[in-house]
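Any value given below was found using the heavy atoms of this structure, including those in side chains, with hydrogens, waters and symmetry copies removed.
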Amino acid sequence: MIGKYPAKLDDKNRMFLPSRLREELTGRFFVTLGVNCGCRCLTMYTEADWRTLEEHYNALPLSQRGEATSLIFMNAAECVPDRQFRFTLPAYLLSYAGIRKDAVIVGRAGQAEIWDEAEFNAFEQENLTPEKLLASLEAIRL
């Protein structure tokens with residue numbers, strides 16, 4: 001998933017799924033707590049990627065299935081877009097990410113993130129520097 005797309009919440013906490021992400025997020029997908037560089041956002045997972053997360057979690061020894069990992073699952077929402085490609089986000093997820101009305105959906109390789117628009121703009125302004133871009137390219141071995 002790639003790109004960034006403006007989004008708005010309606011009065012029923014629904015958001016449109018961007019057309020460019022519809023093929024990858026067909027049927028149902030999952031949204032849960034997310035974090036990027038210390039900033040709160042929401043992370044969207046395809047159904048296949050969500051199943052992989054579940055498998056990894058279930059493979060952990062019981063002693064490692066603590067609060068931190070289970071927070072991802074206990075705060076997740078299963079989303080199924082309606083005919084207009086709208087999906088509903090629970091209030092607790094919106095509150096966590098500080099999303100009130102205006103948002104940005106951002107592709108991030110195999111996942112997507114949902115950000116409060118002002119928070120994302122501040123994040124992007126702070127991080128969109130040649131030095132940080134070079135560090136990112138080196139991290140993914142380009």
For [X] versus [Y], what's the shortest heavy-atom pair and its separation?
{"X": "Leu94", "Y": "Asn13", "result": "CD1-CG, 3.5 Å"}
{"X": "Cys79", "Y": "Thr88", "result": "SG-O, 3.8 Å"}
{"X": "Asp49", "Y": "Gly110", "result": "OD2-O, 3.1 Å"}

- Just by distance, with hydrogens left out, do Asn36 and Glu113 show a side-chain donor and acceptor under 3.5 Å apart? yes
- Query: Is it true that Lys8 and Glu117 make a salt bridge, defined as a side-chain N closer than 4.0 Å to a carboxylate O?
  - Reply: no
- Short N-O contact, Glu47 and Arg51, less than 4.0 angstrom: yes
Under 3.5 Å, is there a donor-acceptor pair between the side chain of [X] and the main chain of [Y]?
{"X": "Lys4", "Y": "Val106", "result": "no"}
{"X": "Arg86", "Y": "Leu17", "result": "no"}
{"X": "Arg100", "Y": "Gly98", "result": "yes"}
{"X": "Tyr96", "Y": "Gly34", "result": "yes"}
{"X": "Asn127", "Y": "Phe123", "result": "yes"}
{"X": "Thr52", "Y": "Ala48", "result": "yes"}

- Message: Please confirm whether the ring centroid of Phe29 lies under 6.0 Å from the ring centroid of Phe87.
- Response: yes
- Message: Looking at Glu23, I want to see if its CD is surrounded by more than 12 non-hydrogen atoms of other residues, nucleotides or ligands under 6.0 Å.
- Response: no
